[in-house]
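Here's the structure, in C-alpha cells; my notes come after.
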Amino acid sequence: MTKSTQFRQLHCAFDSVHTEFNKQIETARQRLSPSLLDEYYDGVEFFAKIGQGPSISITFVSMMYWVGEHFGEGSIKKITDFSYQTITRSPNKDFLVDFLLSFMEVINHAKADELDEYLAFIDYHLAKTTYSVHGIHVTHSSPSFKALLSKIGMILGRLDYKGAYAWVDYGLRYFKRHPDQQEAFFSLSTSDSRAVFQRQRKGLLFVDVERQLYLLQKSLWGKDYVYASYSSDFERLQFFRPYIKDGTIRLPDVYNELNGVSPLRRYLALISHLIAHQQFTKAVIADNLSPHQRLFAEVFEDARVEYLSAKRYPGLTSIWRNLMPELDEFDCDETKQSGVKHRASILSRALIDDNHPYKNADILDYAARFKALMIGKENTSTEDSLALGISFLAKTKKASDSLADLYFDNTEASYRDDNRMMWRFIEREDEGEKLFIAELYNDMEPVAVEAIPPRYYDEWDFFHKSYKPDWVSVYERLHSHSDPSKIDELLARHANLVKQLKRVLDLLKPQNKKRLRYQEEGAELDLDIALRSVIDFKNGSQPDTRINSDFEHDSRSVSVLLLLDLSESLNDIVPGTNRSILELLQEAVSLLGWAVEQLGDNFAIAGFNSDTRERVMYYHIKGYSEHWDDTVKSRLADLKAEYSTRMGAAIRHGAHYLDLQQSDKKLMLILTDGEPSDIDVPNSKVLIKDTHKAVQECQQKGMYPYCISLDNKADSYISDIFGSHYSVIDRIESLPKELPKLFMSLTK
Amino acid sequence: MGNFDINQFKVRELPFYQAQSNEVELYTAAYQSRLPVMIKGPTGCGKSRFIEHMAHQLDKPIITVSCNEDITASDLIGRFLLDANGTRWVDGPLTLAARHGAICYLDEVVEARQDTMVVIHSLTDHRRELMLDKKGELLKAHPDFQLVISYNPGYQSLMKDLKQSTKQRFVAMDFDFASEELETIIVTQESGVDQDIAAKLVQFANTTRALVGHGLDEGASTRLLNYAGTLIVGGVDVRDACQMAMVKPITDDAEVRETMQTSIEAIFG
C-alpha cells in the first residue's frame with residue numbers, strides 16, 4: 001500500500017465527521033497498518049452514506065483504530081460488515097453506536113483472535129431476542145441488547161464463551177416473552193441472573209475447594225475457622241479485601257490462576273497469611289499514626305509473619321512470592337505522582353524475595369535490616385514492624401507522597417488481607433470502615449423478620465432439562481410448641497397397638513452379618529470344632545455337639561428422617577370420622593416416634609410447607625440427637641397445616657442433614673397427602689419432575705427415600721416420583737397402625 | 001514336654017526403643033510384682049516394640065498372640081490333637097507362658113470376643129493359676145509369668161470393648177505418638193534418614209494426625225514414618241516417599257489426598 005492511501009481524502013458529506021476525523025487521523029495513521037487504514041477509511045465513508053446521520057461515523061472514527069490495532073488485519077472490515085448486515089438492517093439499528101462503543105471494553109477482555117467468536121456471540125443474542133409479533137418480519141428491537149452491551153466487559157472478563165452462551169440461553173429460556181424482565185436479566189440486576197452468572201464463572205469456585213481448605217487449615221495449623229465467601233463481581237465490593245474476624249475468614253468466591261499459581265494454591269496463600277497474622281500479630285494502638293505510617297508498618301508486619309510462618313512451612317514462601325506483583329522500580333514517576341503504594345509494593349517484594357531486582361539504596365538497606373532483625377532477634381513483635389515502618393517512611397518520604405494522583409496499578413498482593421487485626425483504635429472506628437460494613441449489608445437480600453438466613457436450593461426445570469440455580473429459599477425454623485400431654489393421651493388411646501408393636505420391636509435386631517459358632521444346627525459344619533469333638537470323643541471325654549456355625553444379623557445402623565407434609569389439605573376431615581388428617585398424622589407420628597425410640601435408631605422428624613419459591617418453610621420437630629421427650633412431644637402437639645407442598649426443596653434440605661449422619665443405612669420417609677404443588681407453579685408436572693429429581697439426588701448420595709401417601713388418587717403420579725419406593729394408605733384411619741409397621745418392615 | 005525350650009522365645013537383639021517418659025521404670029516396677037499390664041495407644045505408636053524391648057531388658061521370653069474374633073479359649077489354653085497313638089495334649093500360648101515363666105503378650109485384645117478373655121481371669125488375680133479342664137490339670141503359674149495386653153482405644157467401635165471385670169485386673173499405661181523432637185530421633189535412628197528430613201517427616205505426620213475425624217480414621221503412625229524414612233534412605237524422592245508411605249496407605253479420599261499433597265509441598269518447599 002501506498003502513500004496515496006495513507007493520505008487520501010475522506011469522502012463524506014457531514015462536516016462534523018470531518019472535524020472528528022481530522023482530530024483522530026494522526027493517531028490512526030500511527031496505529032494502523034496501510035491496509036487497516038484503508039478499512040478504516042472505507043468504514044467511515046460507508047456509515048456516512050447509509051442514511052443514519054453522522055453519529056455512527058463519528059463513533060467509528062474515534063473507536064476503530066484502537067480496535068483495528070487490537071484485532072489486526074481485516075478486523076475493521078469485519079466489524080463494518082457485521083454492523084451493516086446484522087444491526088443496521090434490523091430493528092436494532094438504534095443500538096449501533098452502543099455496539100461500537102462497547103468495543104472499548106471488548107478489547108480489554110477479548111484476545112486478538114477472538115473477534116469472530118465475539119461477533120458470533122452478539123449475533124446469537126440478537127437473533128434470539130429480536131422477534132416478530134406477527135411472524136412475518138423481524139419487527140421488534142431486542143429489549144436486552146443495550147443491557148448486554150453495558151455489561152459486556154464483565155461478561156467477557158468473567159465467563160468463557162461456553163459460560164456466556166449458557167447464561168444467555170438461561171435468560172432467553174425464561175424471559176423471552178418478558179421484555180422488562182429480559183432487560184433486567186441481561187443487565188445482571190436480578191439475583192437469578194447473578195446466580196446463573198456465578199455458576200458459569202471461569203476459574204475455581206470457592207465452594208469447590210471449601211472442604212480441602214478446611215482440611216488444610218485443620219492439618220497444617222489445627223484451626224477451625226469458618227469460611228464465608230464474598231463476591232467481588234458486583235461492583236460495590238470491588239476493592240474488598242479478605243479478612244479474618246470472630247473466627248470467620250472472609251475470602252473471594254472465585255480465583256483464577258495467577259502467575260502460574262493455581263487457584264487452590266492462591267486460597268492456601270490467603271489462608272496461610274491470615275493464620276500467620278492470627279498467630280504472630282498483636283494489635284498495636286493506631287490512633288497516633290498517619291495512614292502512610294500504617295501502610296509501611298503493615299508491609300513489614302506482613303513480611304514478618306510470613307517469615308515466621310515459613311520457618312515451619314517453607315513451601316509457602318514460593319507461593320507468596322509468585323503472587324507478589326512484579327513492579328519495575330522506575331514505573332512510577334515520583335515527581336508527578338504519589339508513589340507510596342508503589343514504594344510499599346517494591347519493599348514488600350524485596351522483603352520476601354531474596355532475588356528481587358531492585359537497586360534502590362533505601363530498599364536494600366531496609367531489606368537487610370529486616371533480615372538482620374528476623375535472624376538476630378528471638379521473639380520479634382508487631383512493635384518491631386511498626387518501628388521499621390515508621391523509620392522507613394521517615395527516610396524515604398517525598399513531597400509528592402501526598403499528591404492526589406496516586407500510583408495504584410498492580411500494587412496489591414491479592415492474598416494479603418486488610419490487616420485489621422493489627423490496629424487498635426482507642427477512639428471510635430473511622431467512618432470509612434462503617435460505610436464499608438453498611439455496603440456489605442446492602443449486598444445481602446433484605447429479609448424481613450427472619451433471623452436465620454435461608455438456604456438456597458436449585459430446582460429442576462424439566463422443560464429445559466437443566467437446574468435453575470438457587471431458585472428456592474428454604475427457611476428452617478424450630479416448630480412452635482404446646483402441651484406435650486396431648487401426645488401422651490394419643491398414645492394411651494392406642495395402648496393395645498403399643499403392646500403389639502412392642503412385641504414386633506423385640507424381634508427387630510437386623511444388619512451386619514455375624515458368624516455364630518457353636519450351634520447345634522446351622523448353615524454349615526464348623527470343621528475346627530467338629531474335629532475337636534472327634535478328638536474329645538476319642539479321648540474318652542464328652543464331645544461337644546455344637547459343631548455347626550450359622551449367621552445372624554447384628555447391630556442396627558440406621559438413620560431415619562421423617563418428613564411431614566404440613567400443607568393446607570391436611571385440615572380436611574377424613575370421611576366417616578370426625579377427625580382431620582392432621583390429627584391422625586399426629587397419632588401416627590407419635591406411635592412411630594415412640595417405637596423408634598425403643599429401637600434406639602437415629603431418628604429425626606421435620607415438617608414442611610411452602611408459599612411460593614421465596615418461602616419454603618422447614619420445621620424442625622425432632623433432631624437426630626434429641627430424645628423422644630416432652631420438648632419433642634410439645635412441638636408435635638402443636639402441628640399446624642397451611643400453605644402448599646413444594647416437596648423437592650424440602651427433600652433436598654432434609655437430605656442435607658441426613659447425609660451428615662454416619663450410619664450404614666439412611667432412610668427418608670416422606671409422609672404426604674397429595675402431589676407436590678405450589679401456587680407460583682401452574683403446571684403440576686414441573687414440581688413432580690423436580691421432586692423426582694430430588695429423590696434421584698438422594699439415591700445417588702446413598703439415601704433411601706420412601707413415600708407414604710395418603711392420597712388414594714396417588715397412583716397417577718407417585719411412581720413417576722418415587723419409582724417403586726412408596727405405599728399408598730387408602731384407609732387414612734389406619735395410618736397410626738400402618739406407619740410404625742411400615743417403618744419396621746422397611747428397616748428389617 | 002520335658003525337652004521344651006522356652007528360651008527360643010527370648011528376644012535376641014535389643015530392639016531400639018526411645019523412652020518418651022518414665023514408662024520403662026513403670027513397667028519394670030509392675031513386672032517386679034508380676035502385675036498384669038494393659039497398654040493402650042493408637043496404631044503404630046510403639047506398643048509392641050516397647051514390650052519386646054522390656055522383655056529383652058528383663059531377659060525374659062515373650063510369647064505374643066495376635067487376637068482376632070475367632071480366637072477361642074482353647075486356642076489360648078491348648079487342646080488335644082490327634083497323633084499316631086491316639087491323642088496328645090498341646091499347650092496353648094497362654095499355658096506355655098504360665099508353665100515356663102514367660103511374658104504372655106495378647107496384642108489387640110479387644111478383637112477377641114469378650115467371653116473368650118474370661119479364661120485369663122484366674123491368672124490375673126491373686127490365684128495365678130489356670131484350670132486345664134480337658135486335661136484335668138490345675139496349673140500354678142511360674143513365678144516369672146506375666147500377662148500383658150494391648151489395645152487401641154480410638155479405633156474400635158463401641159461394640160468392641162473389654163468387660164469391666166477384665167479391665168479391672170490390669171494396671172494400665174497410655175501410649176501416644178512421641179513428641180516432635182523424640183519422634184524425630186526415633187525416625188533418624190530407625191530409618192537412618194538425616195535429622196532435618198526426619199523432622200519434616202514428623203511435621204507432616206502431625207498434619208495428618210490433625211485430620212483424624214475429618215476424613216481420616218487415624219493419622220500416619222510412627223511406623224509409617226519409619227517406612228518413609230527407609231524409602232528416602234533407599235534413594236526415593238522425599239515427596240514420593242511421603243505419598244507412598246504416608247498418604248496412600250491411610251486414605252482413599254481424593255480430597256484428603258490432595259490436602260496432604262499440598263501439606264507436603266508446604267512443608268518440603
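Just so it is clear: chains get the letters A, B, ... in the order the sequence lines come, proteins before strands, and each one is counted from 1.
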**OP:** Measure the CD-CD distance between A/Gln212 and B/Glu258 for me, rounded to the nearest 0.5 Å.
**Re:** 4.0 Å

Original post:
How long is the span from the OG1 atom in B/Thr259 to the CZ atom in A/Arg211, to the nearest 0.5 Å?
Top reply: 7.0 Å

Original post:
What part of A/Leu316 is in contact with chain B, defined as an atom under 4.5 angstrom from a non-hydrogen atom: side chain, backbone, both or neither?
Top reply: both

**OP:** Pick one of side chain, backbone, both or neither for B/Asp253, based on which atoms fall under 4.5 Å of a heavy atom in chain A.
**Re:** side chain

**OP:** Flag yes if more than 12 heavy atoms outside B/Lys167 fall under 6.0 Å of its NZ atom; otherwise flag no.
**Re:** yes

Original post:
Can you say whether A/Arg312 sits under 4.5 Å from chain B via the side chain, the backbone, both, or neither, judging by heavy atoms?
Top reply: both

Original post:
Looking at B/Met260, B/Lys134, B/Glu255, which has the largest count of heavy-atom pairs under 4.5 Å with chain A?
Top reply: B/Glu255

Subject >> Heavy-atom side-chain contact between B/Thr207 and A/Tyr313 under 4.5 Å >> reply: yes

Subject >> Residue B/Arg88 versus chain A: region with a heavy atom under 4.5 Å >> reply: neither

**OP:** Flag yes if more than 12 heavy atoms outside B/His121 fall under 6.0 Å of its NE2 atom; otherwise flag no.
**Re:** yes

Original post:
For chain A, which residues from residues 70-80 of chain B have at least one heavy atom closer than 4.5 Å to it?
Top reply: B/Asp70, B/Thr72, B/Ser74, B/Asp75, B/Arg79, B/Phe80

Original post:
In Å, rounded to the nearest 0.5 Å, how long is the span from CG of A/Leu220 to CD1 of B/Ile267?
Top reply: 6.0 Å

Subject >> B/Gln195 CD: over 12 foreign heavy atoms closer than 6.0 Å >> reply: no

Original post:
What are the two closest non-hydrogen atoms of A/Pro314 and B/Lys200, and how far apart are they?
Top reply: CG-NZ, 3.3 Å

Subject >> Residues, nucleotides or ligands: over 12 heavy atoms within 6.0 Å of B/Arg209 CZ >> reply: yes

Original post:
Can you say whether A/Leu264 sits under 4.5 Å from chain B via the side chain, the backbone, both, or neither, judging by heavy atoms?
Top reply: side chain

Original post:
Do other residues, nucleotides or ligands put more than 12 heavy atoms under 6.0 Å from B/Met244 CE?
Top reply: no

Original post:
How far apart are the C-alpha atoms of B/Thr208 and A/Ser219, what are their side-chain angles, what is the distance that settles it, and do they pass the side-chain contact (heavy atoms from CB on, under 4.5 Å) test?
Top reply: CA-CA 6 Å; B/Thr208 68; A/Ser219 68; over 6 Å; no

**OP:** For B/Leu82 and A/Ile535, work out which heavy atoms get closest and say how close.
**Re:** CG-CG1, 3.6 Å

**OP:** Pick one of side chain, backbone, both or neither for A/Asp536, based on which atoms fall under 4.5 Å of a heavy atom in chain B.
**Re:** side chain

